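The structure under discussion appears below in the form of structure tokens.
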2 protein chains.
Amino acid sequence: MARHESETNPDGIEPVPASLSDSAGFLLNRAARIIREMVSEALQPLGLSPQEMGLLKLLAAGGPSTQQGLCTKHNIDRTTMVQLVDGLEERQLVIRQPSSADRRANLIFLTPRGRKTLSKASRLAQKQQQRFLSPLSEPEWEVLRQHLIKLLEYHGRNEV
Amino acid sequence: MARHESETNPDGIEPVPASLSDSAGFLLNRAARIIREMVSEALQPLGLSPQEMGLLKLLAAGGPSTQQGLCTKHNIDRTTMVQLVDGLEERQLVIRQPSSADRRANLIFLTPRGRKTLSKASRLAQKQQQRFLSPLSEPEWEVLRQHLIKLLEYHGRNEV
DNA sequence: TATTGTTATACTCTATAACTATA
DNA sequence: TATAGTTATAGAGTATAACAATA
């Protein structure tokens, strides 16, 4: 398989250039971009971004949380969280409520509308994920999933 | 393992929230971001971005190519390619040369300096990739790699 | 008419620095 | 002094629209 990569590629299609097929960065970034765009497009009718859906999911599963708490789970910066929550609150999918325990902090609650939007979004995203994963068998996806989780857990616990 | 996700997580660490651990988008985007940032940081002394390194690799492996040809391989837009090549040409890592066969097109050549920079960059990136992949065994990475390639080939060939 | 490259512009996702109000 | 949230600003990576030169 040492075929030389040439700009005169007969079929003109070269989804994975051999010179980059060993690069974890290339493969992961390209795959991430494809699924992100597929989900993003499917969510457009709801006016929801993939990140926003993720945040709603965290709230639905974990219950109300401070912005800082959501930052830790979602692994994004405080300032990014402000913008995410701003957008969701404008559309009344979540509400901010000052915490009585710590008056610096906002507790973020999912609204009924947020819950309904999330359930629609989840179905749409699920469908896209199935399409994205369609070249893999069920066990293959499970292996991929476990390997990704292993990577994230390792790099989440250490500033390696 | 149906432990409820709570904002009062005892250890305070939650690299992969259960509510998102089934999401291909979440897992891939997070993993992609980690490796991208690791490589990006390692390449900083060379003043090279991961994308730029990728482009140099394509040129080193495939020989001179038009900008349009590089777009196809790298899977990015024409206008993005202009900016990428602009940056690399400024630092004399590549040169543009009008194609004699098609005078609309530029052939992009890797310069000797580009080749030298690429070889330094490759070593640095390789080291980071090893750190990134360290929680996986060699065969595990190979499986991950093959699954990612399968996904990219499928979605590269079809506008699914 | 279609394609290659270019420019101007803008969008998404994300962060840094400096601020306010609590703790 | 440290932390939660906020604001203004900026950066990386990428794209769309309109255009010139050439095919």
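Per chain, numbering begins at 1; letters A, B, ... match sequence-line order. Model, not experiment: these values are computed from the prediction.
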Measure [atom1]/[X] against [atom2]/[N] and give the value in whole Å, please.
X       : N      : atom1 : atom2 : result
A/Leu84 : D/dT6  : CG    : P     : 12 Å
B/Leu43 : D/dG13 : CG    : P     : 11 Å
A/Asp77 : C/dA17 : CG    : P     : 11 Å
A/Leu70 : D/dG5  : CG    : C1'   : 13 Å
A/Arg36 : C/dT12 : CZ    : C1'   : 9 Å
B/Leu55 : D/dG13 : CG    : C1'   : 14 Å
B/Met81 : C/dT7  : CE    : P     : 16 Å
B/Glu37 : C/dC13 : CD    : P     : 15 Å

Run the numbers on A/Leu133 and A/Ile35 for side chain to side chain contact (heavy atoms under 4.5 Å, CB included), then give the verdict. CA-CA 9 Å; A/Leu133 294 175; A/Ile35 177 70; over 6 Å; no

Side chains of B/Gln126 and B/Arg123 only: does a donor on one sit below 3.5 Å from an acceptor on the other?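 No, no side-chain donor-acceptor pair sits under 3.5 Å.
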
Does OP1 or OP2 of [N] have a side-chain N or O of [X] closer than 4.0 Å?
X       : N      : value
B/Asn29 : C/dC13 : no
A/Thr80 : C/dA15 : yes
B/Gln51 : D/dG13 : yes
B/Arg33 : C/dA15 : yes
A/Gln83 : C/dA15 : no

Given C/dA2, D/dG13, D/dT6, identify the nucleotide with an atom nearest to the side chain of B/Arg104.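 Of all the options, the side chain of B/Arg104 is nearest to C/dA2.
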
Nucleotide nearest B/Gln68 when distance is taken to its side chain, options D/dG5, C/dT4, C/dT14: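 Selected nucleotide: C/dT4.
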
What is the bend of the helix from C/dT1-D/dA23 to C/dA23-D/dT1 when you compare the axis at one end with the axis at the other, using five pairs each and rounding to 10°?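 Both end axes considered, the difference amounts to 0°.
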
Smallest separation among heavy atoms of B/Leu110 and B/Leu93, with atom names: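 Heavy atoms of B/Leu110 and B/Leu93 come nearest at CD1-O, 3.7 Å.
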
Of the non-hydrogen atoms in B/Pro17 and B/Phe26, which two are nearest, and what is the gap between them?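 Closest pair (atom of B/Pro17, atom of B/Phe26, distance): CD-CZ, 3.9 Å.
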
Carefully, step by step, assess A/Glu52 and A/Arg91 under the rule side chain to side chain contact (heavy atoms under 4.5 Å, CB included). CA-CA 12 Å; A/Glu52 290 173 327; A/Arg91 281 167 286 157; 2.6 Å; yes

Please determine whether any donor N or O and acceptor N or O are separated by less than 3.5 Å between the side chain of [X] and the base of [N].
X        : N      : value
A/Arg103 : C/dT22 : no
B/Thr79  : D/dT16 : yes
A/Arg78  : D/dG5  : yes

Strictly below 4.0 Å, heavy-atom distances to any atom of DNA chain C: list the hits from residues 86-102 of chain B, or just say none.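 By residue number: B/Arg96.
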
